[in-house]
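Taking it in order: structure first as structure tokens, then the write-up.
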Amino acid sequence: MLQGKLITLDEFTIQETRKFPQATGELSSLLRDIALAGKVINNKVRTAGLSDVLGKQGSSNIQGEEQMKLDVLADETLIHVLKGSTDCAGIASEENDDHVSYEDTFSANSKYVVLFDPLDGSSNIDVNASIGTIFSIYRRVSELGKPCTEADFLQAGNKLMAAGYIIYGSSTMMVYATKLSVNGFTLDPSIGEFCLSHPNMRIPENGKIYSLNQGNTIKYSEGMKAYLNYCMESNKEEGRPYSHRYIGSMVGDLHRTLIKGGIFIYPADKSSPKGKLRLQYECNPMTFIVEAAGGIGHCGYERVLDVQPTELHQRVPIFIGSKNMVNKALEFVKEEVAAG
Ligand code: P6P
């Protein structure tokens, strides 16, 4: 509620389009389609305990991860809604081996493609912790009128047109970024609309929360272990000690980081030498959002958004969050990264 007036996502995206006379409104329309898919998934998540959608699907994805029933439902929902969109040429999903090119005329002439992690953090579904949908929107590089190609989905994050997430938490929110700003919308169930609740989101330059899976410490590099010790020391001079928070759902951990400040790390370690999180489905979109809000996303050896993808499901290490905290963490790992 801003100045007593509800601004829905539809109204907001239309207002944003009007700021650019040359804008066609296709990107705004695509964002509204994604929001629609989010509402459908939200409904399934919110009533999961009452219908037979909890638990495992009995299959694994290309990542070798056991799929939850809701993973598959969310994936199918997004594929179906975006196939019906007039502004999406095709999709790539963390849950699917290859990209999907929509063959109808409308889609083939659309200028955008969408990548998504349909339900990130799905291992938390059965314990009712926050989970989320993460999406990325790129302008296609392949020829309009023809099916989209893999090259459309292997673009670096610095080519993103927009990225966002829908978090199914204590409330359901959609947060998305364009190069200009980051805005958050809270779903009002009474009218079924996402309404502007967090305009022009900015991440604090500092924070007091570090977020990583401390159970992996034994597998960390010496630099990472040194940084973890730095976080755990009590040092009043620097306004510490830090607190440790870890949900095990990137959307939940990063939404908190965006709001409160802090740092989220999933580094390379002995069992995940390239990191665990997926560049195209998790790291690029979340970094695009955090950097649009004034933060940093880094792999330790390169800015996340500058990494040139070579395969759809590649993984990278990630240090992401408040600018000063990420830069401090990178000081501890840059020598070993330089050593390669
Ligand atoms: P771990 C969820 O499976 C996910 O992809 C991210 O959402 C989350 O941050 C991470 O993996 C959790 O991984 O190894 O700590 O369980």
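Keep in mind that the numbers below use all heavy atoms, side chains included, and drop hydrogens, waters and symmetry copies. All ligand and atom numbering here is 1-based and tracks the order in the structure.
The side chain to side chain contact (heavy atoms under 4.5 Å, CB included) test with Phe264 singles out one residue from Leu277, Val290, Leu258, and that residue is Leu277.
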Show me the side-chain donor-acceptor pairs of residues 180-192 shorter than 3.5 Å, one per line, residues at least two apart or across chains.
from, atom 1, to, atom 2, distance (Å)
Ser181, OG, Asn183, ND2, 2.9
Asn183, OD1, Asn200, N, 2.7
Thr186, OG1, Ser197, OG, 2.7
Asp188, OD1, Ser190, N, 2.8
Asp188, OD1, Ser190, OG, 2.5
Asp188, OD2, Ser190, OG, 3.3

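Distance NZ/Lys83 to OG/Ser101: 9.5 Å, rounded to 0.5 Å.
Residues Phe332 and Tyr230 meet the side-chain proximity criterion, which asks for heavy atoms closer than 4.5 Å.
Across all their heavy atoms, Ile263 and Ala329 have their closest contact at CD1-CB, 3.7 Å.
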May I have a table of the N/O to N/O pairs between ligand 1 and the protein that fall below 3.5 Å, each row giving the two atom names and the distance to 0.1 Å?
from, atom 1, to, atom 2, distance (Å)
ligand 1, 5 (O), Arg278, NH2, 3.2
ligand 1, 5 (O), Glu282, OE2, 2.9
ligand 1, 7 (O), Asp120, OD1, 2.9
ligand 1, 7 (O), Asp120, OD2, 2.8
ligand 1, 7 (O), Met250, N, 2.8
ligand 1, 9 (O), Met250, N, 3.3
ligand 1, 11 (O), Lys276, NZ, 3.2
ligand 1, 13 (O), Lys276, NZ, 2.9
ligand 1, 14 (O), Tyr266, OH, 2.6
ligand 1, 14 (O), Lys276, NZ, 3.3
ligand 1, 15 (O), Asn213, ND2, 2.9
ligand 1, 15 (O), Tyr246, OH, 2.5

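Counting only distance, with no hydrogens or angles, the side chain of Arg256 and the backbone of Ile259 share no donor-acceptor pair below 3.5 Å.
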